[in-house]
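See below for the structure under consideration.
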Number of protein chains: 2
Amino acid sequence: MALEHAILVSLLEKPGSGYELARRFERSIGYFWTASHQQIYRVLKRMESDGWVDVRDVPQQGRPDKKEYSVAALGRDALAGWLHEPIQPESVRHDLAVKIRGAAFDDPAALIREVERHRQAHTERLAHYLAGQARDFPESRSPGTGAGTGLDSDPHPVALPSPPDAGRELQHVVLRGGIAYERMMLDWLDDVLATLRRLGSAR
Amino acid sequence: MALEHAILVSLLEKPGSGYELARRFERSIGYFWTASHQQIYRVLKRMESDGWVDVRDVPQQGRPDKKEYSVAALGRDALAGWLHEPIQPESVRHDLAVKIRGAAFDDPAALIREVERHRQAHTERLAHYLAGQARDFPESRSPGTGAGTGLDSDPHPVALPSPPDAGRELQHVVLRGGIAYERMMLDWLDDVLATLRRLGSAR
DNA sequence: CTTGTGTATGCAACGAGTTGCATAGAAAGA
DNA sequence: TCTTTCTATGCAACTCGTTGCATACACAAG
């Protein structure tokens, strides 16, 4: 129930159209909150009629016009309200974990290629994060090879919050979380692969 | 779209009633797949009419009767089919990450207590996992209180598991994943707290 | 000149998931 | 005895999310 809040945050960081939001939700923000364009358009409509966002028609050359959304006062209030109320432990859905336990009733070795695919995807995502970190936060010469978040990889840093750099700092700490998550997943997937191979060869 | 598969795996591991399933989904399985009892009953009904599971009325003393479900041949086939088809990157929903980025447009310091609450919850979950590991997998003399991921730090016992133990092994590797996840979260939440405190005092 | 790709917006239908409520037997305690 | 708690099952209403489809403009390649 927080897609609207994710949209508010994204629009505060930078106003944009539904289409642009949808693309941000594919990269950047989408790594910790997914949404399809259909859903974004629908929610945007509701937010507009609730007065949470303002719309502005922007003609463009060489492409269709767009509706640029920005956060209205009511939207800011709604976000503040949400920020101040506690949320409970995230509900998780790890298909892969279900599959791994299910493999006991099938052929464990048959899962190896699937797990390798996931490992590959996480490798790529980690590289993407590191590239973004190197690009957007070059001052962090931290472990790893360093290169950027890609999270809110908008070329222009946002200049809104009172401490002008708070947004940057917070984006960076979220990015570091993404990096830590991917590294943990890679380690774990290696563990899973070793286990599956052991079970396969023991047959 | 895999609640039914999660139920199949759980029922294969041990047949049980809808109520028992709901409780498994609160602990154990519920840490990587959540579901409410209402939803479980509804899906169970559908699975029954599809011939995926068999039902058996079990009278009990001292409590209401229950319907014990077990996996039918068709259910096994359905699970096997699902296991063999690839799944794509999990879709994530990290409210907390959204809140952290949103805090840039509010008071970052106001988030500290919320993050501390989450840290507490993850500490408890880690303790729960470690207790489960000590109880169910005593042969893994793993880090317990130590630092590190717990991933590589588990020197796999050389004893070759025979197929009957495959399920145990696979349950353990999933549990190790949960442990690694909680440890990573704790480290990251500490990073978040340090960042929020830094931003707060810099005002 | 047709096809494909990218930008940009949207509807309709369905299935998944949540919330609130209801029932009912049995045990435990006030 | 009355209330609460635990086991056990379920309906109804609603919202959220996904899937499939449709439209329309612009540009580039074949």
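In the text below, chain A, chain B and the rest are named by the order of the sequence lines, each starting its count at 1.
- Checking the phosphate oxygens (OP1, OP2) of D:dT9, no side-chain nitrogen or oxygen of B:R23 falls inside 4.0 Å.
- Checked against D:dG10, C:dA8, C:dG25, the side chain of A:Y19 finds its nearest nucleotide in C:dA8.
- Donor-acceptor pairing under 3.5 Å, judged by distance alone, is absent between the side chain of B:Q39 and the base of D:dG10.
- We find that CG of B:L21 is positioned 15 Å from P of D:dT7, with the value rounded to whole Å.
- Look at CD1 on A:I40: it is 14 Å from C1' on D:dC16, rounded to the nearest Å.
- Taking atom CZ on A:R46 and atom P on C:dC11, their separation rounds to 14 Å, with Å as the unit.
- Put simply, CD on A:E20 is 10 Å from C1' on C:dT7, counting in whole angstrom units.
- Side-chain contact check for B:Q120 and B:E116: no donor-acceptor pair (N or O, by modelled atom type) lies under 3.5 Å.
- Set against D:dA8, C:dG10, C:dA8, the side chain of B:S17 has D:dA8 as its closest nucleotide.
- Atom CZ of A:R23 sits in a sparse spot, with 12 or fewer heavy atoms from other residues, nucleotides or ligands closer than 6.0 Å.
- For the helix from C:dC1-D:dG30 to C:dA30-D:dT1, the angle separating the two terminal helix axes comes to 10°, with each axis derived from five pairs and the value rounded to 10°.
- Here the nucleotide nearest the side chain of B:Q38, chosen from D:dT7, C:dT19, C:dT7, is C:dT19.
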Does the salt bridge (Lys or Arg N to Asp or Glu O under 4.0 Å) test come out yes or no for B:E13 and B:R168, once each step is laid out? CA-CA 10 Å; B:E13 288 176 352; B:R168 233 176 88 75; over 6 Å; no
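- Comparing atom distances between the B:R93 side chain and each of D:dG17, C:dG6, D:dT18 picks out D:dG17 as nearest.
- For D:dG10, the OP1/OP2 oxygens have a side-chain nitrogen or oxygen of B:K45 closer than 4.0 Å.
- The separation between A:E68 atom CD and C:dT7 atom P is 17 Å, rounded to whole Å.
- The side chain of A:L3 lies closest to D:dG17, out of D:dG17, C:dG20, D:dA8.
- Residue B:P64 is the one, among A:T34 and B:P64, whose nearest nucleotide of DNA chain D lies closer to the 5' end (criterion: closest heavy atom).
- Put simply, the side chain of A:R176 reaches to within 4.5 Å of the side chain of B:T195, judged on heavy atoms.
- For C:dA8, one of the phosphate oxygens OP1 or OP2 lies less than 4.0 angstrom from a side-chain nitrogen or oxygen of A:R63.
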Walk me through whether B:R198 and A:E169 qualify under salt bridge (Lys or Arg N to Asp or Glu O under 4.0 Å). CA-CA 10 Å; B:R198 200 146 32 78; A:E169 282 284 317; 3.1 Å; yes
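- Side-chain polar atoms of A:H84 and B:D106 form a donor-acceptor pair below 3.5 angstrom.
- For the pair A:K67 and C:dT9, the criterion of a side-chain N or O lying under 4.0 Å from OP1 or OP2 is not met.
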Counting only pairs under 3.5 Å, give me each side-chain donor-acceptor contact of residues 48-65 of chain A, with atom names and distances, residues two or more places apart or in other chains.
residue: A:S49; atom: OG; partner: A:R46; partner atom: O; Å: 3.0
residue: A:R56; atom: NH2; partner: A:E68; partner atom: OE1; Å: 2.9
residue: A:Q60; atom: NE2; partner: A:P64; partner atom: O; Å: 2.7

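- Distances from the side chain of B:S36 to the nucleotides D:dC16, C:dG10, C:dT18 place C:dT18 closest.
- Closest to the side chain of B:Q60, from the set C:dT9, C:dT7, D:dA8, is D:dA8.
- Look at CD on A:Q61: it is 15 Å from C1' on C:dA8, rounded to the nearest Å.
- We find that CE of B:M47 is positioned 15 Å from C1' of C:dA16, with the value rounded to whole Å.
- Counting only heavy atoms from C-beta on, B:R42 has its side chain closest to C:dT18 among C:dA8, D:dA8, C:dT18.
- If you measure from atom CD1 of B:I7 to atom P of C:dA16, you get 11 Å, rounded to the nearest angstrom.
- Neither OP1 nor OP2 of C:dG10 sits under 4.0 Å from any side-chain N or O of A:Y41.
- Using the six-membered ring where Trp is involved, A:H94 and B:Y181 have ring planes that are perpendicular, over 60° apart on the 30 and 60° scheme.
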